[in-house]
Amino acid sequence: MKEGIYKNAKIKFILDFPSTFPTLQPELKLLTKIYHPLVSEDGKVDILSIIPVWNYGEKCQVFDLLMKFKKIFGELSYLRNRDSFNPDAAIL
């Protein structure tokens, strides 16, 4: 990030692939404590808010997930999401 409230953040995360991948999407969990509407208190990232329908293929791959994950820290639509894991962060 080059701007915004997370501009100097160094975010560590784990990408966990279920045994049923690619049928089911991987899970993303942050090791870095972040106050964000799409991140639960235990660090779990709301993947369904990033990619609502996981249909692995040409336009839905792990690379796409990671690029959209990066966007949640800069795009206002993600920062204003009150229907996710941490609605208080969206209000703030």
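Model, not experiment: these values are computed from the prediction.
Ser40 pairs by the side chain to side chain donor-acceptor pair (under 3.5 Å) definition with Asp42, not counting sequence neighbours. Remark: Pro18 pairs with Thr20, Phe21, Leu24 by the side chain to side chain contact (heavy atoms under 4.5 Å, CB included) rule, at least two apart or across chains. Partners of Thr23 by side chain to side chain contact (heavy atoms under 4.5 Å, CB included), not counting sequence neighbours: none found. Applying the side chain to side chain contact (heavy atoms under 4.5 Å, CB included) criterion to Leu15, with sequence neighbours excluded, gives Phe17, Pro26, Leu28, Val62, Leu65, Leu66.
Applying the under-4.5 Å side-chain rule to Ile, Leu, Val, Met, Phe, Trp and Tyr, the cluster around Ile14 extends to Leu31. Hydrophobic cluster of Ile91: no remaining members, since no ILVMFWY side chain lies below 4.5 Å from it. Residue Leu92 belongs to a hydrophobic cluster whose other members are Tyr35, with links defined by side-chain heavy atoms closer than 4.5 Å.
Ile11 contributes atom CD1, which lies 8.5 Å from atom NE2 of His36 (distance to the nearest 0.5 angstrom).
Counting all heavy atoms, side chain and backbone alike, Ala89 lies closest to Pro37 at CB-N, 3.5 Å. Residues Cys60 and Asn55 come closest through the heavy atom pair CB-O, 3.2 Å. When all heavy atoms of Lys44 and Phe85 are compared, the pair lying nearest together is O-CD1, 3.3 Å. Taking each heavy atom of Lys12 and Thr32 in turn, the nearest pair found is N-OG1, 2.8 Å.
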**Item:** side-chain contact (heavy atoms from CB on, under 4.5 Å) between Leu38 and Phe69, worked out
**Value:** CA-CA 10 Å; Leu38 300 183; Phe69 169 63; over 6 Å; no
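Residue pairs satisfying the side chain to side chain donor-acceptor pair (under 3.5 Å) criterion with at least one member in residues 60-69, sequence neighbours excluded, are absent.
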For residues 72-82, which side-chain donor-acceptor pairs fall under 3.5 Å, sequence neighbours excluded?
from	atom 1	to	atom 2	distance (Å)
Asn81	OD1	Asp83	N	2.8
Asn81	OD1	Ser84	N	3.4

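A heavy-atom distance below 4.5 Å is not found between the side chains of Val39 and Phe13.
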